[in-house]
Number of protein chains: 2
Amino acid sequence: MVCMTRRTDALSRERIVEATIEILDTAGESALTLRALTAHLSTGRGALYHHVATKDDLLAAASDGVIGRVLAEVGGHEDPAYAIRALALGIFTAIDGHPWVGSQLARDPGQPAVLQIWTSVGSQLTRLGVTGRARSDAGSALVNYVLGAAAQHAAGARRAPDQAARQEYLQALATKWAGEDPDAAELLRDHDDRAQFLAGVDIFLAGVSALRKPAGSG
Amino acid sequence: MVCMTRRTDALSRERIVEATIEILDTAGESALTLRALTAHLSTGRGALYHHVATKDDLLAAASDGVIGRVLAEVGGHEDPAYAIRALALGIFTAIDGHPWVGSQLARDPGQPAVLQIWTSVGSQLTRLGVTGRARSDAGSALVNYVLGAAAQHAAGARRAPDQAARQEYLQALATKWAGEDPDAAELLRDHDDRAQFLAGVDIFLAGVSALRKPAGSG
DNA sequence: GACACAGCTGGACCGCCGGTCCAACCTAGG
DNA sequence: CCTAGGTTGGACCGGCGGTCCAGCTGTGTC
């Protein structure tokens, strides 16, 4: 009956999600409190709960927004293998910038953001000529790899936010590995998460291609 | 000076971790409360904190115990590729039985359980003849895939604990996919998580092998 | 056997959390 | 002007992880 919003600057789900992302980005997951959110929006809790069901709902909406933006950006490449690399790298970059998304994606396989990733990967695999069970197997492998790497990278970023702490962490790991394989310890020292992540995508793509060729007959 | 434990049936870190695993297995992650733990052990909170630093410490110790047992069991295969499959399947089975481990592994890359997985995978890859950067890339890919699949499977199990709920969930997913690819929707219906997980491992192993051959020179 | 000691134990207590509830408010329609 | 209903803000609730401390309990010493 009435117009849906009384004032353009009034509280809305969109504004709440926006503020949520801002808090998460600037102060981290642990700082996202409904109290902090109400303070940030200069409002009360009842108002929040008129637009949002629960805190989890809010987190899902926030990560859905970020992932949705990424998937929309990287959708337009002709070569499907290249598109898959771009898709994976886009997700990685997004989680590098917003570590909380990585944790959130690992939390619930039914949330919209994860479904978006599934369908994007699935359609690129179809374009790659993979179908049937091979496609669902490959899709599962790639999605799980991307989400796993995302969660680990995000957790690492949470644990070692600055470069010094990260160096310490890598050093400790290198020491642990040194006895077993000095070469690996050396590589760990000038280690690039992004390059390693892409190398993993390439291993996956090579595997899909290798398994497709020998099984020629339907 | 004195003997380290006064009575064999007294409170100890081991007993606490054991009780923690029992609560997590029987009642789920959300049921693990320090209050529930004290009730289970018929003790108070101060006593708990004499043996355990924080709740996170407890969770890490619990998952470390489960993973450690798994890795010790599957270590003895001659063929490294087979050993990797056994390793991955062992982790998958453990997480299928203890879903909370899956969530825990995705939370912190520095915890002992994750380091154990890294070193196990790394040593098997070395036995497979993969070295240097290829090894760290392959190890990263495999570990991230396994951890990602574990976390997703665990989250799914948390969300749909019984078979009926799981069917509903798959049905909803199938409906979503049906418009895009009816074949995939059909496959989703009689979907086997364990087989799909192993298919993913095979994709990565095939990729590692495929990328090793063309790059013959060091 | 008495004693002092040190580590262990249990429960009261704290601040904070997510979520609920309701009285006051503000705008649209009559 | 009044009424009505969606919107707002804050008081309130039970429960959480973690801290603190007074007392207990087993031990080594004499």
Side-chain angles (χ1 to χ4, degrees), chain A residues 1-24 26-63 100 103-104 107-108 111 158-159, chain B residues 1-24 26-63 100 103-104 107-108 111 158-159:
Chain A
M1 316 294 182
V2 300
C3 65
M4 291 169 198
T5 60
R6 282 189 299 181
R7 302 170 304 177
T8 50
D9 71 323
L11 213 53
S12 68
R13 184 179 168 95
E14 195 174 274
R15 276 176 67 82
I16 295 175
V17 170
E18 189 184 322
T20 301
I21 293 179
E22 193 175 328
I23 291 177
L24 287 168
T26 59
E29 283 174 82
S30 61
L32 180 66
T33 305
L34 294 193
R35 281 161 177 81
L37 200 52
T38 56
H40 197 83
L41 289 165
S42 309
T43 181
R45 301 262 278 303
L48 246 55
Y49 277 90
H50 258 271
H51 299 276
V52 160
T54 66
K55 192 188 178 184
D56 284 345
D57 175 31
L58 202 51
L59 277 167
S63 56
W100 52 273
S103 329
Q104 177 58 26
R107 205 164 293 153
D108 175 12
Q111 71 185 307
R158 203 188 317 130
R159 192 179 173 80
Chain B
M1 314 301 177
V2 301
C3 64
M4 290 168 198
T5 61
R6 281 189 300 181
R7 300 172 305 179
T8 51
D9 71 323
L11 212 54
S12 69
R13 185 179 168 94
E14 194 174 276
R15 275 176 67 82
I16 295 175
V17 170
E18 188 185 323
T20 301
I21 293 179
E22 192 175 327
I23 291 177
L24 287 169
T26 58
E29 283 174 82
S30 62
L32 181 67
T33 303
L34 295 193
R35 281 161 177 81
L37 199 54
T38 57
H40 198 83
L41 290 164
S42 309
T43 181
R45 301 261 278 302
L48 246 55
Y49 276 89
H50 259 269
H51 299 275
V52 160
T54 66
K55 191 187 179 184
D56 284 345
D57 175 31
L58 202 51
L59 277 167
S63 56
W100 52 274
S103 331
Q104 178 56 27
R107 206 165 290 153
D108 175 9
Q111 70 183 306
R158 202 188 317 129
R159 192 180 172 78

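Reminder, nothing fancy here: chain letters follow the sequence lines and each chain counts from 1.
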In whole angstroms, how far is the [atom2] atom of [N] from the [atom1] atom of [X]?
X	N	atom1	atom2	result
H50(B)	dC21(D)	NE2	P	13 Å
Y49(B)	dC14(C)	OH	C1'	13 Å
R35(A)	dC17(C)	CZ	C1'	6 Å
I23(B)	dG17(D)	CD1	P	11 Å
D56(A)	dG19(C)	CG	C1'	12 Å
R15(A)	dT7(D)	CZ	P	15 Å
L34(A)	dG18(C)	CG	C1'	6 Å
L48(B)	dA12(C)	CG	C1'	16 Å

Determine: side-chain N/O of H51(B) to OP1/OP2 of dT9(C), distance under 4.0 Å, yes or no.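 So the side-chain polar atoms of H51(B) do come within 4.0 Å of the phosphate oxygens OP1 or OP2 of dT9(C), strictly under.
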Give a yes or no on whether E29(B) atom CD has more than 12 heavy-atom contacts from other residues, nucleotides or ligands under 6.0 Å away.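 Correct, the count exceeds 12.
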Considering every strand and a 4.0 Å limit on heavy-atom distances, what is the contact class for [X]: base, sugar-phosphate, or nothing?
X	answer
T54(A)	sugar-phosphate
L32(A)	sugar-phosphate
S30(A)	nothing

Kindly indicate whether the side chain of K55(A), heavy atoms from C-beta on, has any atom under 4.5 Å from the side chain of L32(A).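 Side chain of K55(A) against side chain of L32(A), heavy atoms only: contact under 4.5 Å found.
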If you only use heavy atoms from C-beta on, which nucleotide in dT9(C), dG17(D), dT8(D) is closest to the side chain of A47(A)?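 Taking heavy atoms from C-beta onward, the closest nucleotide is dT8(D).
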Check whether any side-chain N or O of Q111(B) sits under 3.5 Å from a backbone N or O of S63(B) as a donor-acceptor pair, and report yes or no.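 Between the backbone of S63(B) and the side chain of Q111(B) there is no qualifying donor-acceptor contact (under 3.5 Å).
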Taking the side chain from T33(A) and the backbone from R35(A), do they hold a donor-acceptor pair closer than 3.5 Å?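 Side chain of T33(A) to backbone of R35(A), a donor-acceptor pair under 3.5 Å: no, none is there.
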